[in-house]
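Step one of this worksheet: look at the structure below.
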Amino acid sequence: MQTTKTDLSGLSEKQRQAVVSSCKRLLVLAGAGSGKTKTLLQKLIYLIEEKGVHPSNILTITFAKNSANEMLDRLIISADDTEEYAEILADKNRTAKEKNTERYFFVKKYKWIDHLTLKTFHSLCYGIIRNFGVNEFDNKFKIIGDTKAKDGEFVKYSATETAFEVIHKILIENCECTDYLLHLKKYVLDYMIDKVHIENSNRTSLVKNGKFYTTLSGTRVRSKSEQYIADWFYRHGIYFEYEPNVNFRNFDFRPDFYIPEANVYLEHISQKSHPTKGKEQQFSTANKLLVKTFEHQTKDTAQFNLALERIVKNRLPSNYRFSTALSFEEEFKSYHKEIKDFLRQTMRVIDMAKVEHISAKKIFEQSQKDQHERVRDFYKLAIPILKQYQSYCTNKSYLDFNDMITRTISLFKNHQEIADKFRGKFEYILVDEFQDVNNLQVELIQLLLTDKNQLFCVGDDWQSIYGFRGSNVDYIINFKDHFKGAETIKLSMNYRSTEHIVGASNEVIKHNKFKVDKDVCSNKKSNSKIHIYAGKNEADNIAYVLEQVKKLKEKGYAKEDILFLYRRSKMYHPYFEHFRQERVFVSGKTIHASKGLEAKAVFIIGLTEGNGGFPDIWMEDRIYQVIKASNHDILLEEERRLFYVAITRAKDDLFLITEKGNESSFLKEIPDNFTFKTSMPFKSVIEEITLCNNCHNRLDEGFAFCPYCGEKQRLDE
């Protein structure tokens, strides 16, 4: 066995193999609780102490600032013989800001740590563009995000406006063009208010008098063709009345449209129209003008527009003003929520386009091939905003977090000397949480690689849960396809959870097809099985959970030892309210936010089937399928990985809370030998009856003597 100066005695054999490996492209595939971050940090120390690598030649990348700080904390603790820094971190009276300050000074104290490049992807790219990207972008750039920065490493370089504010400003400017404004309003009315893309039968209960369509003027009409006519009037500033009550002589009736300035009545004839003979006689008798349009005319919009012009415009006064000044505020004063939703969708499209590296031109071309008018109309409105947003940000020297990566990629591709500088500098590239990488991040990593430097990646495909943000689990599952000559080392010992928890998590994840097989086992023996509780309703579940929490506290568990996890935040609200009333104070997080955490006892609530439960498969709007298609099975597998992450946060006790008769399908994937199940029984549906002790006739409740035979009854039975 190879001897080293570095103490590797605390590592398992597989961890040790990973640390000392000289493979140019190595993936450490680590199961939950297997010490993957420990392995990565030990690799870093080994490179410096054993291989003599200068710290400045090592690049360590992680995904979140908190993760980077935790790594620095571990390195400082390993270097600090006084144990002063560990005491600072454990001091609950110190604020996060105070601890950040101490971290900064301790990093400066240990030069080998200070010389390391230990950053998030964004922080790395920020430094590259700021210091070397002057030929690619303004190196005095500001960072624009969804919210205004209040603290953090980028706060003093943050833009004074948010991405939403910029897009909103662009939308208002676009609406100075009447055609764009009316197109947007029509989109809002049709697809966000009336939801005309949904079958009428689903909307019947919400609509009175069969008037399904809202026109630009706010008038509700009965058909798409009538909506078109009303909108034509509105666009041309022509006042009209819809279905006015008319009686010229014999009976009341309602022609479709009346244009007072032209003194013209218009009737649109379709298959749904009532016979018009009686109406026409009334008009003839009263010497009033009735003109008709026909459904077949609407198939050619250009010809239909000409027909409306001939019918209406020629009969208006010669001095009639055909245009009306329209304003964004006036037109959308009742639709603020819908405009906000439209802008949020547009922002999502902008982010997806960057992560998937697809041009606006290609997105628009693909969108216009979609079979649905709603999707085509959305992109006609959104693509101009996307282009203008990019131009605006460039003009203002703004970069968002995805931009920092794309600009760094562009810098490396366009300026060989800058790329070579960083390829030569970073002899070793260490990447944590590799299962979370997206297309842009992998492209950046590949641009940093040469035949000489080493790539060391740590991750777990079973814990890939950020597909909705653009992460692509294929990069870790098929690592060898993306990085030629790669090797894989699997860490399969879970040091965190008991054997029942690990066994159950293994059985759940086996149902995923798209994964790397691992035989994860536990080194913690325990008699305690997983508790599955199915209450009749939420109240039952809350009562059960409160009882269990109190028992755990009696065993000596502190509040930080108990963690509540849930798929969606709203699942926790009823529990939180009851905990507050009972003065039980517990930690609650979404499962996504719990990544990297652990607790002695974990409660996973909301494990029901269907909408609002878990799994919670959301195929997303078809709008987004233009950029990246959704796949039900892939989404289900990510939900299962999310359940796996939740299960493996528990060290000793795991409680799975469901609802009787509506249990999550994930619970069925856990074999009974790992679980202890309890539930609230339903009341019997069989009516309890009383029979006479003697003649066995049926008695009403409470009878002391049988009315048939007179026998005295034994009521205590």
Side-chain angles (χ1 to χ4, degrees), residues 4-8 11 15-28 30 35-80 103-104 106-128 131-132 153 405 408 412 418-434 436-437 441-442 444-459 479 483 486-487 489:
T4 68
K5 293 180 287 186
T6 309
D7 183 10
L8 304 178
L11 301 179
Q15 288 173 326
R16 185 185 180 283
Q17 286 178 22
V19 167
V20 303
S21 172
S22 58
C23 175
K24 292 294 184 185
R25 308 286 181 261
L26 182 65
L27 171 63
V28 180
K36 57 181 180 294
T37 303
K38 174 185 176 182
T39 305
L40 183 142
L41 292 175
Q42 194 63 61
K43 175 77 172 183
L44 189 154
I45 294 170
Y46 172 80
L47 290 173
I48 295 170
E49 290 193 350
E50 185 69 27
K51 305 296 286 184
V53 180
H54 194 277
S56 64
N57 296 131
I58 302 173
L59 169 62
T60 304
I61 307 176
T62 187
F63 278 80
K65 183 63 178 174
N66 285 343
S67 299
N69 286 340
E70 287 172 13
M71 287 188 185
L72 286 173
D73 290 343
R74 292 202 202 183
L75 292 174
I76 294 169
I77 289 171
S78 73
D80 180 23
R103 182 182 297 112
Y104 174 82
F106 269 88
V107 165
K108 293 298 180 186
K109 179 179 178 181
Y110 299 103
K111 295 303 178 186
W112 69 273
I113 300 178
D114 192 28
H115 288 150
L116 288 170
T117 304
L118 199 167
K119 295 181 178 292
T120 64
F121 277 102
H122 298 130
S123 182
L124 171 68
C125 292
Y126 172 89
I128 293 172
N131 296 311
F132 301 98
E153 62 181 314
I405 300 179
T408 303
F412 285 172
I418 302 296
D420 287 342
K421 173 183 176 62
F422 285 96
R423 290 174 188 141
K425 175 181 173 67
F426 297 131
E427 298 172 13
Y428 294 87
I429 300 173
L430 284 56
V431 184
D432 193 23
E433 304 288 3
F434 189 76
D436 295 330
V437 291
Q441 292 157 345
V442 169
L444 178 67
I445 291 169
Q446 289 171 330
L447 286 169
L448 286 169
L449 295 178
T450 69
D451 292 338
K452 296 181 180 178
N453 56 16
Q454 185 187 59
L455 176 66
F456 180 91
C457 298
V458 175
F479 188 80
F483 300 96
E487 295 180 9
I489 293 176

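Side chains of Ser56 and Thr117 form no contact here, defined as non-hydrogen atoms less than 4.5 Å apart. Side-chain atoms of Asp432 and Met71, non-hydrogen and from C-beta on, do get closer than 4.5 Å to each other. By the 4.5 Å heavy-atom criterion applied to side chains, His54 and Trp112 are not counted as neighbours. For the pair Phe412 and Ile128, the minimum side-chain heavy-atom distance is below 4.5 Å. Within the 4.5 Å cutoff, no side-chain heavy atoms of Thr37 are placed close to those of Val458. With a 4.5 Å cut-off on side-chain heavy atoms, Val431 and Thr60 do not count as touching. Considering only heavy atoms from C-beta on, Lys36 stays 4.5 Å or farther from Gln15 through its side chain.
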Could you go step by step and tell me if Asn69 and Arg103 meet the side chain to side chain contact (heavy atoms under 4.5 Å, CB included) rule? CA-CA 8 Å; Asn69 286 340; Arg103 182 182 297 112; 3.6 Å; yes
Output, in order, the C-alpha distance, side-chain angles, deciding distance and verdict of side chain to side chain contact (heavy atoms under 4.5 Å, CB included) for Leu75 and Leu118. CA-CA 11 Å; Leu75 292 174; Leu118 199 167; 4.0 Å; yes
Val53 and Glu427: CA distance, side-chain angles, deciding distance, side chain to side chain contact (heavy atoms under 4.5 Å, CB included) verdict: CA-CA 8 Å; Val53 180; Glu427 298 172 13; 4.2 Å; yes
Would Thr39 and Val19 count as a side chain to side chain contact (heavy atoms under 4.5 Å, CB included) if you check the C-alpha gap in whole Å, the side-chain angles of each, and the deciding distance to 0.1 Å? CA-CA 7 Å; Thr39 305; Val19 167; 4.2 Å; yes
Step by step, would you call His122 with Thr120 a side chain to side chain donor-acceptor pair (under 3.5 Å)? CA-CA 5 Å; His122 298 130; Thr120 64; 5.0 Å; no
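Taken from CD1 in Ile61 to CG in Leu124, the straight-line distance is 5.5 Å, to the nearest 0.5 Å. A distance of 4.0 Å separates CD in Glu487 from SG in Cys23, rounded to the nearest 0.5 Å. If you take CG on Asn453 and CZ on Arg25, they are separated by 5.5 Å, rounding to the nearest 0.5 Å. Distance check: Leu430 CG to Leu455 CG gives 8.5 Å after rounding to the nearest 0.5 Å. Note that OG1 of Thr450 and NZ of Lys24 are 7.5 Å apart. Values are rounded to the nearest 0.5 Å. Rounding to the nearest 0.5 angstrom, the gap separating the CZ atom in Phe106 from the CD1 atom in Ile77 is 10.0 Å.
Taking both residues in full, the closest heavy atoms of Cys125 and Leu444 are given as SG-CD2, 3.5 Å, listed atom of the first, atom of the second, then distance. Contact record, Phe121 with Ile405: CB-CD1, 4.3 Å, taken as the closest heavy-atom pair. Nearest heavy atom pair, residue Thr62 against residue Ser67, reads OG1-CB, 3.4 Å. Shortest non-hydrogen contact noted between Ile58 and Phe426 is C-CD2, 4.1 Å.
Within the 3.5 Å criterion, the main-chain N or O of Ser21 finds a donor-acceptor partner in the side chain of Gln454. In this structure, the side chain of Arg74 does not engage the main chain of Leu41 through any donor-acceptor pair within 3.5 Å. For Asp80 (side chain) and Ile76 (main-chain N/O), no donor-acceptor pair under 3.5 Å exists by modelled atom type.
Ring geometry for Phe422 versus Phe132: interplanar angle over 60°, hence perpendicular rather than tilted (30 to 60°).
Aromatic rings of Phe456 and Tyr428 (six-membered ring for Trp) have centroids beyond the 6.0 Å cut-off, not under it.
Put simply, the residue from Val442, Leu27, Leu26 that forms a side chain to side chain contact (heavy atoms under 4.5 Å, CB included) with Phe483 is Val442.
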